[in-house]
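Worksheet for the structure shown next.
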2 protein chains.
Amino acid sequence: MTSSTPARPPGRPRSGINDVVFATTLSTVHELGYARATVERIAAAAGIAKTTIYRRWPTKGALIVDCLLDAFGPVPLEGDGRAEIIASAIRWTAGKLGEPGVGDAFAGVFSDGVSDPELREILSSRLQDPYRLALQEALGEPEHRVLFLIDVVIGTLLHRMGMTGEPMVDGDVDALVEMVLSFFR
Amino acid sequence: MTSSTPARPPGRPRSGINDVVFATTLSTVHELGYARATVERIAAAAGIAKTTIYRRWPTKGALIVDCLLDAFGPVPLEGDGRAEIIASAIRWTAGKLGEPGVGDAFAGVFSDGVSDPELREILSSRLQDPYRLALQEALGEPEHRVLFLIDVVIGTLLHRMGMTGEPMVDGDVDALVEMVLSFFR
DNA sequence: AAGTTTCGATACCTATGGTTTCGAAACCCA
DNA sequence: TGGGTTTCGAAACCATAGGTATCGAAACTT
């Protein structure tokens with residue numbers, strides 16, 4: 001059984017910098033905005049070479065997506081009843097998007113994806129699909145209804161951030177929860 | 001009374017190319033996407049010089065915003081009762097965003113605005129405010145409620161377009177209308 | 001010690017937004 | 001007809017950003 005302990009591949013091992021890169025990426029995006037958070041600046045702030053980043057992530061978009069996956073983690077689907085699950089998921093999403101850099105980074109990649117089909121594919125398959133599948137199962141809703149739910153929640157929160165530069169205030173998140181529940185209940 | 005017929009300013013008059021530029025901009029964005037629809041390509045397709053565009057619009061974002069204002073025109077607020085007004089406004093918005101190039105252009109400037117405060121200001125004041133004010137008056141709703149309504153409608157429609165590359169299908173627009181009405185009724 | 005892979009540094013290419021320059025064209029007025 | 005003023009088109013140009021190529025040094029395994 002040679003696969004139980006996967007043999008370390010030959011050569012110099014990769015240094016464990018992913019966490020540093022993720023953290024630096026978010027803080028750089030938070031400070032400078034998405035467009036001015038260049039890969040070169042992120043690398044410099046992380047104390048590594050730009051080539052090292054491009055050796056691990058093929059594009060800036062892929063880096064941001066991985067960064068967001070790391071920042072979000074799995075969606076908590078606790079609560080009894082669909083209403084509670086939906087409400088907590090919405091509030092969790094709003095909270096995450098409000099963390100420094102996260103909303104900017106999300107809006108930024110999303111924007112880039114508009115005119116970049118490859119990035120759009122990454123966004124859809126790596127970022128949206130896992131959450132969509134988890135929600136489908138937890139809510140017992142068909143795919144198109146969950147996709148609609150995601151459009152409403154993410155779209156509304158991102159539009160507010162994009163238009164004002166600030167995350168949505170709690171009162172409006174409450175309204176969003178109420179509105180979505182009145183439709184999905 | 002010399003101001004009744006405003007004297008034509010001296011010098012060579014501007015050629016009437018705005019309509020051509022708007023149409024060419026949308027078709028170019030439709031064919032190539034927002035990012036690849038460069039100002040140079042738009043100018044070439046319109047048969048004019050790039051410098052002529054920059055003489056009239058200070059940035060690409062300003063050009064797109066004017067282009068969208070021209071494409072959208074005033075929001076029709078017909079129908080008796082708030083429900084009908086809201087429903088028709090949502091469907092009108094969805095229809096406009098579905099026209100070739102309009103949705104891409106909208107999503108594109110919106111994206112750029114995420115990391116460009118000046119563009120965000122243009123978007124907010126020139127594009128959003130007029131519609132917001134008209135809706136506030138027609139619906140008798142306070143500012144923050146109308147802003148929330150705009151976040152939901154535009155955000156949802158743009159998220160769908162950004163994620164799939166296609167405008168939202170009628171069935172989902174119906175769902176959006178129903179959901180919004182259940183909250184604003 | 002040999003082999004393999006990563007790292008950092010640097011130079012480089014390409015695309016894009018935006019500016020500058022300058023001669024030619026179009027208009028008004030005298 | 002000719003001077004003054006402004007726009008137009010063409011071209012060169014600049015800065016920034018994503019991404020690639022190269023190469024010597026470092027860090028592992030066997």
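Here is the naming used below: chain letters follow the sequence lines, and residue numbers restart at 1 for every chain.
- For B:Lys50 and C:dT19, the NZ to P distance is 10 Å, given to the nearest whole Å.
- We find that CG of A:Asn18 is positioned 10 Å from P of C:dC7, with the value rounded to whole Å.
- Around CD of A:Glu118, the count of heavy atoms belonging to other residues, nucleotides or ligands within 6.0 Å does not exceed 12.
- Contact check, B:Thr51 against C:dT19: no side-chain N or O comes under 4.0 Å of OP1 or OP2.
- The side chain of A:Lys60 has D:dG18 as its nearest neighbour among D:dA10, C:dG18, D:dG18.
- Nucleotide C:dT10 holds its P atom 18 Å from the OH atom of A:Tyr54, rounded to whole Å.
- Salt bridge absent: A:Arg91 and A:Asp170 never bring a charged side-chain N and a carboxylate O closer than 4.0 Å.
- In this structure, the nucleotide among D:dG18, D:dC8, C:dA9 sitting nearest to the side chain of B:Ser15 is D:dC8.
- In this structure, B:Arg36 places its CZ atom 12 Å from P of C:dG17, rounding to the nearest Å.
- Remark: A:Arg82 is not positioned above the aromatic ring of A:Phe184, lacking an NZ or CZ atom under 6.0 angstrom from the ring centre and at most 45 degrees off the axis.
- The side chain of A:Arg8 lies closest to D:dC28, out of C:dC28, C:dC7, D:dC28.
- Rounded to an integer number of Å, the gap from A:Asp112 CG to D:dA17 P is 13 Å.
- Place B:Pro13 and B:Glu40 on DNA chain C by their nearest nucleotides, and B:Glu40 ends up nearer the 5' end.
- The side chain of B:Pro10 approaches D:dT6 more closely than any other nucleotide in the set D:dC8, D:dT6, C:dG8.
- Side-chain heavy atoms closer than 4.5 Å link hydrophobic residues (I, L, V, M, F, W, Y) into clusters, and following such links, possibly through other members, connects A:Leu97 to B:Phe148.
- The nearest heavy atom of DNA chain D to B:Gly11 and to B:Thr52 marks one nucleotide each, and the one closer to the 5' end goes with B:Gly11.
- A rotation axis mapping the C1' atoms of four pairs onto the next four is fitted at both ends of the helix from C:dA1-D:dT30 to C:dA30-D:dT1 over five pairs, and the angle between these axes is 10° to 10 degrees.
- Atoms CD1 (A:Ile48) and P (D:dA26) sit 19 Å apart, rounded to a whole Å.
- One interatomic measurement links the two molecules: CZ of A:Arg55 to C1' of D:dT22, which rounds to 12 Å at whole-angstrom precision.
- Taking the six-membered ring where the residue is Trp, B:Tyr131 and B:Trp92 present tilted rings, their angle falling between 30° and 60°.
- With a 6.0 Å radius and a threshold of 12 heavy atoms from other residues, nucleotides or ligands, B:Glu137 has its CD atom at or below the threshold.
- Distance B:Arg12 CZ to C:dC22 P: 19 Å, rounded to the nearest Å.
- A heavy-atom distance below 4.5 Å is not found between the side chains of B:Phe183 and B:Val152.
- Of the side-chain N and O atoms in A:Arg41, none sit less than 4.0 angstrom from OP1 or OP2 of D:dT16.
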